[in-house]
Amino acid sequence: MERVSKAEVPEAVRQRAQWLRAEIERHNTAYYVQDAPLIPDSEFDRLFAELQDLEARYPQLASVDSPTLRVGGAPRSDLPPVRHAVPMLSLNNGLAESDAIAFDERVRDLLAKAGEPVETVTYACELKFDGLAMSLRYVDGVLELAATRGDGTVGEDVTPNVRTIRSVPLRLKDCRAPVVEVRGEVLMYRRDLDRLNRVQRESGEKEFANPRNAAAGSLRQLDARITARRRLHFFAYGIGQLQGATEPATHSATLDWLQQLGMPVCEERATASGADGLLEFYRNAGARRADLPYDIDGVVYKVDSLRAQRLLGFVSRAPRFALAHKFPPQEALTQVLDIEVQVGRTGALTPVARLAPVAVGGVTVTNATLHNEQEVARRDVRVGDTVIVRRAGDVIPEVVAVVLERRPAGAQPFRMPERCPVCGSAVERPEQEAVSRCTGGLFCPAQRKQALLHFAGRRAIDIDGLGERVVDQLVDSGLVRSAADLYRLDQARLAALDRMGHKSASNLLEAIDRSRGTTLDRFIFALGIRHVGEATAQALAAHFGNLKALLDADETRLLEVSDIGPVVARSIRHFLDEAHNREVITALRKAGVHWPETSGAAARDRGRLSGRTFVLTGTLEGLTRTEAADRIAAAGGRVSSSVSKKTDFVVAGEEAGTKLARARELGVHVIDEAELLRMLDGSNP
DNA sequence: GCTCCTCGAGTTCT
DNA sequence: CTCGAGGAGC
């Protein structure tokens, strides 16, 4: 045997630990004291985990003042402090499924060591809300004190504010216990946050980055009337101090009891057996996540038996009987490598942030739109900045905020170029409009390319295989200048292009040929007239019946079409008066593009769905959305894009989103795909 | 003149 | 999917 000297702590490690401590303290202050987090939770958790890991490997590093031994920061001074009778602890975190499995193993291990082995542990599973932890003290059944968690020992008195939350009972039902402290979470529903942020934006106040900050900011208002205007919710998930009553024997029974007392308890809870049960709950919650009206950042497992909980006890800052199993972060930090300006079909210039690739919510994000100049200015995003990127319930990533303190020296504010980055034409921004536009028109290659892509689009002329790559090549090589040129392409010239084999060339030619047979509304839509989208194109086609009537119509005639007003009429007339556009239309017809024509308003709705308005949402099984829309239209029905009182039916498929929710709100009839098919078949008009 | 309803346009990634 | 703005109805 040999004596092993105490492991030296390398200097680099010591310095890293010191830096981590300072950094964590700083963020704690920002988060708890200033209500203004500098970095996303996921980033904070990562720093915290790294420090914990270092301290575990080099125990000499652990000091009494290490932030790993504390729960949070100091309470803000302008609200009265409250000392919790029973401390409010935080939970250990896990991200991977293996963390849940390890948790279950550890629990069984410890219970066995404590002399009470259990084969399969029963757990109470709940959602982990993205809100603010709160303790409500009821004395003789009456709400007497409401306090935030603060640092876990001392929080802040926010009683007047909490009284304004409608779901918090001011008096418990049939409660004989002299003192009950209810622990739970205050949170804000997503739609209420959106509403609040709109108000903040309009009044020039700062917006809240997420529901938790909004809840915290709202609760800490010194004027409770402001809190009352912000719609907050409360869910109870446990008990602190309890006098004059015995706590039920299991955690799930405690929640039932709280519910009987009139406390709001989230219905999304269950008991689960063993690690498999935990993972099932986790996956289930993950799938339901987008449907919930509030944000959750994971789930919580607690050993259900209170007796077992007591045996397991606590480590320094968290109970051993509970685990917070988090979802992959929806927010991440990354760097803005560049801000590029894209040119759209109408010449609109859109600044886009090129980002260092970063994983958010399961995908790698490299781009995020910055919408327009005002938007960039509002967030003051600059090249070189470190930014918080979020992929919320929806799919499209957005830059939430800039981490100002990581801005490199000399970073320049973004300026919209005065000349189009593609064609060099002047850029104009009409007074009072948000978007800047390239004035180059079809002279600008970018606009020409976008116009071609629009023309070839699925909902327009529908040329399969004519994507961005091919259009780029066709335009750059000078083969194609307008949509009409597409119909003059031949095998030899196509195959001469890069990465265009014989097979794909003939496929494309075939698709172009197929597209010759179309309908008038698709043709009108394909032209890409400003302010004329699918619906307006359909209205025009139905009203005029043939192309000549449309070409000959003056503004007054156009105004007779429903849904067409002065702005749209002028835009159509302007487009059709342009010699170039007339030439392209003529050339297209000469090239054999054709459609059935009628003499005018003859084709009146006679279908069995005539007069009915439909809205499609979610993924249908047998039909694509486009097919369903076409068939409804063919039967005389109308397909609209948003749900309102005037909607007759909402057709909901899998993973239906906000439209379904709105339909329920308005009491609009919701049907499924099978029912739609029955209506189309006519068995049930 | 105000308000609600719809449509158009722009956008990400697999 | 969301925002902004055009259209229509009150």
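Note on naming: letters A, B, ... go to the chains in the order of the sequence lines (proteins, then strands), and numbering restarts at 1 for each one.
If you take CZ of A:Arg390 and P of B:dT11, they are 20 Å apart, rounded to a whole angstrom. Atom CD1 of A:Ile564 and atom P of C:dG6 are 14 Å apart (whole Å). One atom, CZ of A:Arg459, and another, P of B:dC7, lie 12 Å apart when rounded to the nearest Å. In this structure, NZ of A:Lys449 is placed 17 Å from P of B:dG10, rounded to the nearest angstrom. Atoms CG (A:Leu559) and P (C:dG7) sit 8 Å apart, rounded to a whole Å. Atom CG of A:Leu453 is separated from atom P of B:dT11 by 13 Å (rounded to the nearest Å). As a whole-Å value, the separation of A:Ile572 CD1 from B:dG8 C1' is 13 Å. Here the P atom of nucleotide C:dC3 and the NE2 atom of A:His531 are 19 Å apart, to the nearest Å.
In this structure, A:Arg530 does not reach the B:dG8 phosphate: none of its side-chain N or O atoms is under 4.0 Å from OP1 or OP2. OP1 or OP2 of B:dC13 lies within a sub-4.0 Å distance of a side-chain N or O belonging to A:Thr366. At B:dC13, one or more side-chain N or O atoms of A:Asn367 fall inside 4.0 Å of OP1 or OP2 (strictly under the cut-off). Note on A:Gln342: every side-chain N or O is 4.0 Å or more away from OP1 and OP2 of B:dG10. OP1 or OP2 of B:dT11 lies within a sub-4.0 Å distance of a side-chain N or O belonging to A:Thr350.
The nucleotide whose nearest atom lies closest to any side-chain atom of A:Arg345 is, among C:dG7, B:dC7, B:dG10, B:dG10. With C:dG7, B:dT11, C:dG6 as the candidates, the nucleotide lying closest to the side chain of A:Thr369 is B:dT11. When distances run from any side-chain atom of A:Thr346 to the nucleotides B:dC7, C:dG7, B:dG10, the shortest one goes to B:dG10. Distances were taken from every side-chain heavy atom of A:Pro397 (C-beta onward) to each of B:dG8, C:dG7, B:dT12; the shortest belongs to B:dT12.
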Side-chain donor-acceptor pairs under 3.5 Å in residues 343-359 of chain A, sequence neighbours left out?
| from | atom 1 | to | atom 2 | distance (Å) |
| --- | --- | --- | --- | --- |
| A:Arg345 | NH1 | A:Gly528 | O | 3.3 |
| A:Thr346 | OG1 | A:Arg437 | NH1 | 2.7 |
| A:Arg354 | NE | A:Glu340 | OE1 | 2.9 |
| A:Arg354 | NE | A:Glu340 | OE2 | 3.3 |
| A:Arg354 | NH1 | A:Asn367 | OD1 | 2.5 |
| A:Arg354 | NH2 | A:Glu340 | OE1 | 2.8 |

Hey, can you pull the donor-acceptor pairs under 3.5 Å for the side chains in residues 454-462 of chain A, sequence neighbours left out?
| from | atom 1 | to | atom 2 | distance (Å) |
| --- | --- | --- | --- | --- |
| A:His454 | NE2 | A:Phe525 | O | 2.9 |
| A:Arg459 | NE | A:Glu534 | OE1 | 3.1 |
| A:Arg459 | NH2 | A:Glu534 | OE1 | 3.1 |

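Taking CG of A:Leu337 as the start and OG1 of A:Thr366 as the end, the distance is 9.5 Å to the nearest 0.5 Å.
Salt bridge status for A:Lys449 with A:Asp472: present, with a side-chain N to carboxylate O gap under 4.0 Å. The pair A:Arg429-A:Glu373 meets the salt-bridge criterion, since a charged nitrogen lies less than 4.0 angstrom from a carboxylate oxygen.
Across all strands shown, A:Val435 has no heavy atoms under 4.0 Å from either base or sugar-phosphate atoms.
Both A:Thr536 and A:Leu349 sit near DNA chain B, but only A:Thr536 has its closest nucleotide nearer the 5' end. Of the two residues contacting DNA chain B, namely A:Pro351 and A:Thr364, the nearest-nucleotide position lying further toward the 5' end is that of A:Pro351.
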